[in-house]
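See below for the structure under consideration.
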Amino acid sequence: MTGRVEGKVALITGAARGQGRADALRLAQEGADVVAVDVCGPLPGVDYASATPDDLAATVAGVEAAGRRVVAAQVDVRDLDALRAAVDDAVVRLGRLDVVVANAGICIPRAWHRVSPEILRDTLDVNVTGVWNTIMAGAPHLVAAGGGSVVVISSAAGLKVQPYMVPYTTSKWAVRGMAKAFAAELAAHHVRVNTVHPTGMATGMGSEAMQAALGEAMAENPRPRHMFTNMLPVDVTAPEDVAETVLFLASDESRWITAHEIAPDAGVTEY
Ligand SMILES: NC(=O)c1ccc[n+]([C@@H]2O[C@H](COP(=O)([O-])OP(=O)(O)OC[C@H]3O[C@@H](n4cnc5c(N)ncnc54)[C@H](O)[C@@H]3O)[C@@H](O)[C@H]2O)c1
């Protein structure tokens with residue numbers, strides 16, 4: 001049986017674990033080769049443990065177990081030159097690029113008056129400039145291939161609003177606008193650009209350490225905590241759930257969908 005993204009090559013940032021790994025494995029199961037990029041090292045200012053080279057190796061093993069080729073690179077998405085070099089090299093090795101999943105991100109929850117200038121800067125550097133860098137490194141190859149799909153992982157925080165995370169919410173609205181702006185120009189090359197807006201997921205980011213930081217902010221000002229409540233009766237979703245949306249946007253099934261938001265968010269953004 002032919003896979004839903006058979007023969008395509010997908011670049012995924014933040015691929016060592018969590019959402020990025022789930023995307024890499026799901027796309028590989030449906031026939032895509034993968035370029036797996038991750039910094040695999042200390043993330044600036046976060047409360048949770050950072051990903052490791054072993055995590056990225058596990059993603060590589062998973063893609064290979066699905067019978068697909070994979071090129072992995074340990075790169076910080078804040079470094080455009082390094083990202084371009086890694087992507088260019090991977091395209092030489094895998095032959096083409098059809099899909100870009102700009103997924104790498106960080107989240108540092110704090111009550112608004114406890115956000116430092118460093119937290120704001122680091123969040124925007126990774127979540128906004130990092131996404132721009134990823135698209136700038138990948139899109140020329142999509143144009144060269146005659147078309148493709150860019151999937152930007154935003155958040156429910158980029159559709160509605162989530163409290164206790166002013167920098168993160170700012171960054172996730174920013175990339176939603178960025179995606180539409182890229183879509184307007186890249187349409188001429190049959191390149192589609194869409195955003196995905198998950199609710200809370202069980203990943204390294206959403207770990208107990210981050211929940212504790214959120215809890216501190218909630219204790220100071222409890223009322224807005226209800227903004228996290230999902231409409232469907234589920235508290236946390238799995239990255240594998242969101243990977244189904246990414247797969248749809250990566251595949252030709254969504255060939256006329258561009259400049260849009262898709263929210264596998266359990267209804268939180270309408271609740
Ligand atoms: N977990 C959630 O509840 C949730 C909800 C909505 C949206 N998201 C978004 O989903 C995406 C993935 O998050 P996750 O939950 O899988 O988190 P995660 O921390 O488990 O995984 C993120 C990966 O990105 C990598 N990364 C971070 N900064 C990087 C950088 N500068 N350069 C290269 N790699 C970098 C990390 O090393 C890590 O492997 C993020 O954009 C996040 O904002 C997460």
Side-chain angles (χ1 to χ4, degrees), residues 11-25 35-59 72-80 82-83 86-87 101-109 121-134 137 151-160 162 165 167-176 179 195-211 214 228 230 234-243 245-246 261-266 268-269:
L11 162 67
I12 302 165
T13 64
R17 70 179 190 190
Q19 182 61 54
R21 181 191 287 171
D23 296 342
L25 301 188
V35 184
V37 167
D38 203 291
V39 68
C40 305
L43 301 173
V46 301
D47 301 297
Y48 45 90
S50 299
T52 66
D54 283 350
D55 290 326
L56 187 57
T59 300
Q74 199 170 329
V75 176
D76 191 322
V77 294
R78 290 172 293 182
D79 183 344
L80 178 58
L83 196 54
V87 174
V101 184
N103 163 78
I106 59 171
C107 183
I108 309 171
R121 187 201 57 212
D122 290 336
T123 305
L124 297 182
D125 280 355
V126 176
N127 293 10
V128 182
T129 306
V131 168
W132 185 82
N133 288 347
T134 302
V151 182
V152 174
I153 307 299
S154 174
S155 167
L159 259 190
K160 188 168 83 171
Q162 286 184 343
M165 43 183 82
Y168 184 79
T169 297
T170 304
S171 74
K172 294 302 186 180
W173 278 74
V175 293
R176 178 178 165 205
T195 48
V196 173
H197 301 264
T199 187
M201 289 185 285
T203 65
M205 174 186 285
S207 68
E208 275 176 28
M210 196 187 89
Q211 295 304 327
L214 257 184
F228 290 112
N230 292 326
V234 61
D235 289 332
V236 223
T237 61
E240 290 75 17
D241 299 326
V242 178
T245 301
V246 172
E261 301 89 351
I262 298 193
D265 67 349
V268 71
T269 54

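When a ligand or atom number is given, it counts from 1 through the structure's own listing order. In what follows, residues are counted from 1 in the order of the sequence shown.
Residue Val39 has at least one N or O atom closer than 3.5 Å to an N or O atom of ligand 1.
Both the backbone and the side chain of Asp76 come within 4.0 Å of ligand 1, judged by heavy-atom distances. The proximity of Lys172 to ligand 1, defined as any non-hydrogen pair under 4.0 Å, is limited to the side chain. Residue-level proximity to ligand 1 for Val37 is absent, since no heavy atom of it falls below 4.0 angstrom.
Nearest non-hydrogen protein atom to atom 3 (O) of ligand 1 is Met201 N, 2.8 Å. Protein heavy atom closest to atom 17 (O) of ligand 1, with residue, atom name and distance, is Met205 CB, 3.2 Å. Residue, atom and distance of the protein heavy atom nearest to atom 28 (N) of ligand 1 are Leu43 CD2, 3.4 Å. At the shortest separation from atom 32 (N) of ligand 1 among protein heavy atoms lies Val77 N, 2.9 Å. With respect to atom 36 (C) of ligand 1, the closest heavy atom belonging to the protein is Asp38 OD1, 3.4 Å.
For Pro198, the closest heavy-atom approach to ligand 1 falls below 4.0 Å. Judged by the shortest distance from any of its heavy atoms, Ser154 lies inside the 4.0 Å radius around the atoms of ligand 1. Residue-ligand proximity: Thr13 is placed with every non-hydrogen atom at 4.0 Å or more from ligand 1. The closest approach between a heavy atom of Thr199 and any atom of ligand 1 is below 4.0 Å. Within the structure, the closest approach of Cys107 to ligand 1 does not fall below 4.0 Å when heavy atoms are considered.
Asp241 and Thr237 are not linked by any side-chain donor-acceptor pair at a separation below 3.5 angstrom, with hydrogens and angles left out of the test.
The heavy-atom pair separating Ser171 from Asn127 by the smallest distance is OG-ND2, 3.2 Å. Heavy atoms only, all atoms of each residue included: Pro42 and Ser50 are closest at CA-OG, 3.5 Å.
Judged by distance alone, the side chain of Trp173 and the main-chain N or O of Tyr168 form no donor-acceptor pair under 3.5 Å. Remark: side-chain polar atoms of Arg176 are not paired, donor with acceptor, to backbone N or O of His197 under 3.5 angstrom. Looking only at distances, no side-chain donor or acceptor of Asp47 sits under 3.5 Å from a matching main-chain atom of Met210.
Of all the listed residues (Pro42, Pro264, Ala202, Ala104), Ala104 holds the heavy atom that lies closest to atom 35 (C) of ligand 1. Heavy-atom proximity to atom 12 (C) of ligand 1, evaluated over Leu56, Asn103, Asp55, Val46, is greatest for Asn103.
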